[in-house]
Colleague: 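Below you'll find the structure I mean.
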Protein chains: 2
Amino acid sequence: MNVMNASPRRKELTRLAAQLFVQEGFDRTTVRMLAQEMGIKSGSLFHHFKDKQEILAAVIEEGTQNALMIARKALNECAAEPEVRLRTMARAHLETLFTDRNAHVVALFEWRRLDPVASAHLSHLRDAYEALWVAVIDDALAAGLIHGDRFLVSRFVLGALNWTVRWYDPSGPRSPDDLADELVAMIMPTSV
Amino acid sequence: MNVMNASPRRKELTRLAAQLFVQEGFDRTTVRMLAQEMGIKSGSLFHHFKDKQEILAAVIEEGTQNALMIARKALNECAAEPEVRLRTMARAHLETLFTDRNAHVVALFEWRRLDPVASAHLSHLRDAYEALWVAVIDDALAAGLIHGDRFLVSRFVLGALNWTVRWYDPSGPRSPDDLADELVAMIMPTSV
DNA sequence: TATTTACACTAGCGCTTGCTTGGTTACTCT
DNA sequence: AGAGTAACCAAGCAAGCGCTAGTGTAAATA
């Protein structure tokens with residue numbers, strides 16, 4: 001029973017759990033289903049995770065850490081112009097959303113199943129990620145690229161982006177980058 | 001056991017069920033919790049609904065029918081200018097979303113718990129509602145008010161609007177109508 | 001060689017789940 | 001008065017739930 005273990009075995013189990021949580025939802029996924037998917041018996045599962053809750057927390061933490069890393073890297077590597085940074089951030093968001101889709105769908109739609117302790121811990125991670133967004137939006141507003149309330153704009157943009165997991169098929173003709181660019185174009189009057 | 005009953009009692013039970021489904025999620029809401037909230041015993045519940053699934057379907061159907069009615073009425077009563085119709089549709093969307101909040105949150109986040117039969121039936125309702133949106137968006141595009149792909153624009157706008165249930169507090173200083181107007185302004189370069 | 005560690009197993013406990021059954025009450029209609 | 005019906009209740013069943021206890025075994029460590 002490893003409290004904060006990052007063994008490769010545990011990582012793989014977390015990945016499988018994410019898939020099942022998306023397919024069935026957290027509540028309908030039983031420890032027996034998880035175990036079977038992992039090729040072990042249900043009892044053995046509790047050697048890797050203290051309880052079912054911890055599996056959920058592991059899935060969400062993994063996904064959010066990843067999103068944070070990718071976004072920071074992308075922002076570090078791109079130019080300083082507000083327009084470029086806005087586009088970069090939107091692209092990074094969709095990139096993580098669809099390369100790590102299962103984990104993010106779980107994070108978006110099963111967050112409330114977290115117990116208060118895990119939720120508090122993971123909220124910090126999510127807040128750090130959203131702070132990146134707000135900074136980029138602020139720059140774009142200051143540069144006159146977009147208009148409106150900083151708070152509203154970021155919520156609307158994040159909502160539009162997050163909702164894509166409900167309808168967008170990344171294996172179709174349109175790439176995630178196209179999608180991100182179209183959204184940015186939609187809210188940027190200067191780019192018409 | 002009424003298959004397609006619209007008795008006032010059943011309507012009230014449906015409303016209470018929606019509230020619990022939002023609070024706890026469909027899977028974690030037990031028939032005993034539902035019964036207690038309704039002031040009856042769990043067995044009596046099955047006099048009104050054939051099974052738990054049917055309660056979920058009733059909640060979602062109620063909400064969607066309502067949204068459709070409100071949107072149609074609002075569009076019928078408003079002016080013919082594409083800009084007005086776009087704003088009207090966004091306002092109507094947020095109006096239903098927050099007057100009938102519980103039912104809509106359930107429809108948005110518990111849809112997948114529907115069995116295939118109920119899902120197929122309700123999909124038609126939802127499609128009829130989305131068709132209203134696409135028509136309004138098409139007019140706005142044709143009038144040059146907004147730009148982009150009709151499909152993408154409607155998805156982005158609906159995503160941004162639906163996501164508001166996650167963060168917006170209608171009892172705050174900003175009214176739902178303000179919210180709708182700000183979103184429309186955000187995507188309409190001409191209104192700067 | 002002796003000991004620990006990591007990982008898996010079997011078996012099942014205690015509890016909750018959705019739902020059924022068989023019967024009762026209260027009200028309406030003829 | 002009698003029949004019909006909608007609404008309810010007490011009791012409980014079969015299945016499934018998360019999780020625990022105790023054991024076996026192979027590899028790593030001392």
Side-chain angles (χ1 to χ4, degrees), chain A residues 1-60 106 110 112-119, chain B residues 1-60 106 110 112-119:
Chain A
M1 199 184 310
N2 314 321
V3 176
M4 267 300 146
N5 190 324
S7 71
R9 180 82 175 127
R10 178 166 154 138
K11 262 208 166 173
E12 173 64 7
L13 298 184
T14 302
R15 210 184 50 82
L16 287 169
Q19 190 188 338
L20 260 183
F21 287 164
V22 170
Q23 257 174 48
E24 306 285 331
F26 175 70
D27 291 321
R28 293 169 77 93
T29 304
T30 71
V31 294
R32 280 168 248 264
M33 293 165 66
L34 287 165
Q36 187 174 28
E37 194 76 11
M38 298 164 178
I40 59 180
K41 300 294 176 181
S42 72
S44 313
L45 212 157
F46 294 91
H47 171 73
H48 300 279
F49 302 92
K50 125 168 185 289
D51 55 21
K52 197 187 166 189
Q53 271 287 325
E54 198 181 271
I55 310 181
L56 177 61
V59 167
I60 295 185
V106 171
E110 309 279 3
R112 292 190 40 220
R113 306 291 160 244
L114 286 170
D115 64 53
V117 178
S119 174
Chain B
M1 196 184 311
N2 315 320
V3 176
M4 265 302 145
N5 192 324
S7 72
R9 181 77 175 129
R10 180 167 152 138
K11 261 209 167 174
E12 173 64 8
L13 297 183
T14 303
R15 208 184 52 82
L16 287 170
Q19 189 189 336
L20 262 182
F21 287 164
V22 169
Q23 256 175 50
E24 305 286 330
F26 175 70
D27 292 321
R28 292 171 78 95
T29 304
T30 70
V31 293
R32 280 167 247 263
M33 293 165 66
L34 287 165
Q36 187 174 29
E37 195 77 11
M38 298 165 178
I40 58 180
K41 298 295 175 180
S42 72
S44 313
L45 214 157
F46 295 91
H47 170 74
H48 301 278
F49 303 92
K50 129 169 183 286
D51 55 20
K52 198 186 164 189
Q53 270 287 324
E54 198 181 272
I55 309 181
L56 177 62
V59 167
I60 296 184
V106 172
E110 309 280 3
R112 292 190 40 223
R113 305 291 161 247
L114 286 170
D115 64 53
V117 178
S119 173

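Note on naming: letters A, B, ... go to the chains in the order of the sequence lines (proteins, then strands), and numbering restarts at 1 for each one. Quantities reported herein were computed from a predicted structural model and do not represent experimental measurements.
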Colleague: Evaluate the side-chain proximity of M33(B) to R28(B): yes if any heavy-atom separation is below 4.5 Å, no if none is.
Modeller: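 Side chain of R28(B) against side chain of M33(B), heavy atoms only: no contact under 4.5 Å found.
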Colleague: To the nearest angstrom, how far is D115(A) atom CG from dG18(D) atom P?
Modeller: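 Taking atom P of dG18(D) as the reference, CG of D115(A) is at 16 Å.
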Colleague: Is there side-chain contact between T29(B) and I55(B), with at least one heavy-atom pair below 4.5 Å?
Modeller: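 T29(B) vs I55(B): side chains apart.
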Colleague: For S42(A) versus R32(A), what's the shortest heavy-atom pair and its separation?
Modeller: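 For S42(A) and R32(A), the tightest heavy-atom pair comes out as CB-CG, 3.8 Å.
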Colleague: Separation of Q36(A) atom CD from dA8(C) atom C1', in whole Å?
Modeller: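 Atom CD in Q36(A) sits about 16 Å away from atom C1' in dA8(C).
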Colleague: State whether R10(B) places a side-chain N or O below 4.0 Å from either non-bridging phosphate oxygen (OP1 or OP2) of dA7(D).
Modeller: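 Checking R10(B) against dA7(D): no side-chain N or O falls below 4.0 Å of OP1 or OP2.
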Colleague: At under 4.0 Å between heavy atoms, how does the protein contact nucleotides 14-19 of chain C? Give one character per nucleotide, 5' to 3', with B, S or -.
Modeller: ---BBB
Colleague: Send over the distance from E24(A) CD to dC17(D) P, rounded to a whole Å.
Modeller: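 Taking CD of E24(A) and P of dC17(D), I get 11 Å after rounding.
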Colleague: Find the distance F49(A):CZ to dA6(C):C1' and express it as a whole number of Å.
Modeller: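 That distance rounds to 15 Å.
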Colleague: Looking at S44(B), I'd like to know whether one of its side-chain N or O atoms comes within less than 4.0 Å of OP1 or OP2 on dC9(D).
Modeller: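 The answer is yes; a side-chain N or O of S44(B) sits under 4.0 Å from OP1 or OP2.
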Colleague: Might you point out which heavy atoms bring A118(A) and L114(A) nearest each other, and give the distance in Å?
Modeller: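 Smallest heavy-atom distance, with atoms named: CB-CD2, 4.0 Å.
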Colleague: Calculate the interatomic distance between H47(A) atom NE2 and dA26(D) atom C1'; express it in whole Å.
Modeller: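 Interatomic distance, NE2 of H47(A) to C1' of dA26(D): 13 Å.
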Colleague: Salt bridge between R15(A) and E12(A), side-chain N to carboxylate O under 4.0 Å?
Modeller: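 Salt bridge between R15(A) and E12(A), a charged N being under 4.0 Å from a carboxylate O: yes.
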Colleague: So which atom in R112(B) and which in V22(A) form the shortest heavy-atom distance, rounded to 0.1 Å?
Modeller: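 Scanning both residues, the minimum pair turns out to be NH1-O, 2.9 Å.
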Colleague: Please report the distance, rounded to the nearest Å, between CG in L34(A) and C1' in dC17(D).
Modeller: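 After rounding, the reported distance stands at 13 Å.
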Colleague: Apply side-chain contact (heavy atoms from CB on, under 4.5 Å) to the pair D27(B) and F26(A), showing each step before the final yes or no.
Modeller: CA-CA 9 Å; D27(B) 292 321; F26(A) 175 70; over 6 Å; no
Colleague: Please check this pair: side chain of E110(B) against backbone of L56(B), looking for a donor-acceptor N/O pair closer than 3.5 Å.
Modeller: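 Judged by distance alone, no pair lies under 3.5 Å.
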Colleague: How many Å lie between NE2 on H48(B) and C1' on dA7(D), as a whole number?
Modeller: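 So the two atoms are 6 Å apart, to the nearest Å.
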Colleague: Show me the protein contacts with nucleotides 3-5 of chain C, counting only N or O atoms at under 3.5 Å.
Modeller:
none

Colleague: I'd like to know if the side chain of Q53(A) reaches the main chain of D115(A), judged simply by a donor and an acceptor atom lying under 3.5 Å from each other, with no hydrogens or angles considered.
Modeller: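 Yes.
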Colleague: Could you check how far CG of L45(A) sits from P of dC17(D), rounded to whole Å?
Modeller: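 Rounded to the whole Å, the gap is 14 Å.
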